[in-house]
Novice: 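Structure provided below as structure tokens; questions to follow.
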2 protein chains.
Amino acid sequence: MPGVSRGRRGGAGQGSGRFRVRHYSGAYLNAVDGKSRLSVPAPIRETIESRSGQKQLVLAPAEHNDCLVGYDLTRFESLQAEIGVRFAGDYGPARSDFARAMFGMAETLRYDDTGRIILSPILKDLGRIETTVLLLGGGDYFELWSPEHLLETPGQDPRLLRTVRALCAARGR
Amino acid sequence: MPGVSRGRRGGAGQGSGRFRVRHYSGAYLNAVDGKSRLSVPAPIRETIESRSGQKQLVLAPAEHNDCLVGYDLTRFESLQAEIGVRFAGDYGPARSDFARAMFGMAETLRYDDTGRIILSPILKDLGRIETTVLLLGGGDYFELWSPEHLLETPGQDPRLLRTVRALCAARGR
DNA sequence: TTCTATCCCATGCTATCCCATATCCACAGG
DNA sequence: CCTGTGGATATGGGATAGCATGGGATAGAA
């Protein structure tokens, strides 16, 4: 099972060494408790801090899927800069409409000393998240899925689906 | 309030850490009381102070919508320079018209120790604001909307509308 | 005075902090 | 190769502090 079961707890990891990890990879299945708290997997936290130097992340709804996308602040701010280029010289309503959607739905969250964030009801709704979150590395960002919803989303790589099923099974669900 | 309720009171948070937050993000639904007082959400206050070092903000009418735009003082001062760029070589009335609208109707407000500002009748009229205000992050500024009015404004991202409806429902309105 | 704006205090709610426990992985020793 | 041990991680629960909001008191202005 390449990729499965390497992390400390939740799933496929990127190694636990002290190396500076500059990209997000691996799959992790973590719980959302009654207070809507979610532990951000330690390898992802390490990458966040390695890339941005902050214990903060930005969560926003994905554009084409019912899931959430997570960015470190460095990546998020570069997104902002890309928008400035994309709308350069454009002072019409399209720019403000875009910014409203992008920033209005984005939440900047800080995780505590135990590595947990609190998911607002809005984020949980936008990401179809209930009691379990699947975190998937995506290079310079990561995704948060409802595992059930990913499994029934068409067009996924069957090997990824196997990995997800293995994680769910390992957790007893 | 059972079911969807979150945030200290109204909306999406960005943590309370003392970390520098350089952009405005998230959606918050706050009340305007009988004295026209409005609580500026704590995360927005934190960004204001992080960016400008002042407990002050500037409110002005938006260019393309019937809503208000909020700036920290640092951002507001840089706006003047941008107007020079935007209207470079333009010696017609457009520039002065724009400047008149922007600066003539802008109000600089200081929030008190509980984080509240007082909305003048003029501002409330310009933003169509009555008893509830939706505050939306926009990157280096934020917007103040009447939630009902945003819901009926064409061209908005459906996920944003869903977010607004969820906020209204959480508050029981 | 009378009206209005600002300040101060009180309240209910919950996000956050702190401590405790269960769980798991890495590593080493048998 | 299997198993025991230690350290880090993910998670639970209670206590606390911060936040949005309401109401009354106070200080000016008309």
Novice: Checking all strands, does A:R45 fall into the base, sugar-phosphate, or nothing category for heavy-atom contacts under 4.0 angstrom?
Specialist: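 Sugar-phosphate contact only.
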Novice: Do the side chain of B:R51 and the main chain of B:R22 share a donor and acceptor less than 3.5 angstrom apart?
Specialist: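 Answer holds: yes.
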Novice: Show me the pairs that pass ring pair (Phe, Tyr, Trp, His ring centres under 6.0 Å) and involve residues 144-173 of chain B, at least two apart or across chains.
Specialist: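 As it turns out, the ring pair (Phe, Tyr, Trp, His ring centres under 6.0 Å) pairs with a partner in residues 144-173 of chain B, which skip direct neighbours, are B:W145-B:H149.
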Novice: To the nearest Å, how far apart are B:Y28 OH and C:dA15 P?
Specialist: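 Result: 13 Å.
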Novice: Write down the distance between CZ (A:R171) and C1' (D:dA10), rounded to a whole number of angstrom.
Specialist: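 Distance, rounded to whole Å: 8 Å.
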Novice: Is a side-chain donor-acceptor pair under 3.5 Å present for B:E148 with B:S146?
Specialist: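 The criterion, which ignores hydrogens and geometry beyond distance, is satisfied for B:E148 and B:S146.
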Novice: D:dT9 P sits how many Å from A:L29 CG, rounded?
Specialist: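 Distance, rounded to whole Å: 18 Å.
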Novice: Checking the side chain of A:R116 only, and the main-chain atoms of A:R37 only, is there a donor and an acceptor separated by less than 3.5 Å?
Specialist: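 No, because the side chain of A:R116 does not come within donor-acceptor range (under 3.5 Å) of the backbone of A:R37.
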Novice: Flag the pair A:F103 / B:Y141 as yes when their ring centroid distance falls below 6.0 Å, and as no otherwise.
Specialist: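 A:F103 vs B:Y141: aromatic centres not under 6.0 Å.
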Novice: Nearest nucleotide by nearest heavy atom, which residue falls closer to the 5' end of DNA chain C, A:A170 or A:Y111?
Specialist: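 Taking each residue's closest nucleotide, the earlier one in sequence belongs to A:Y111.
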Novice: Which nucleotides of nucleotides 4-9 of chain C have their base under 4.0 Å from a protein heavy atom (B), which only their sugar-phosphate (S), and which neither (-), written as one string 5' to 3'?
Specialist: --BBB-
Novice: Roughly how many Å is it from CG in A:D33 to P in C:dA22, rounded to a whole number?
Specialist: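 These atoms are roughly 17 Å apart.
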Novice: For B:L119 and D:dT21, what is the distance between atoms CG and P respectively, to the nearest whole Å?
Specialist: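 The distance from CG of B:L119 to P of D:dT21 comes to 12 Å, rounded to the nearest Å.
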Novice: Rounded to whole Å, how long is the line connecting atom CG of B:L135 with atom C1' of D:dT21?
Specialist: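 That distance rounds to 15 Å.
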Novice: Taking ring pair (Phe, Tyr, Trp, His ring centres under 6.0 Å) as the cut-off, I'd like each qualifying pair that reaches into residues 40-67 of chain A, sequence neighbours left out, listed once.
Specialist: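 Residue pairs with at least one partner in residues 40-67 of chain A: there are none.
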Novice: Figure out the NZ/C1' separation between A:K124 and C:dA15, and round it to whole Å.
Specialist: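 It works out to 14 Å between those atoms.
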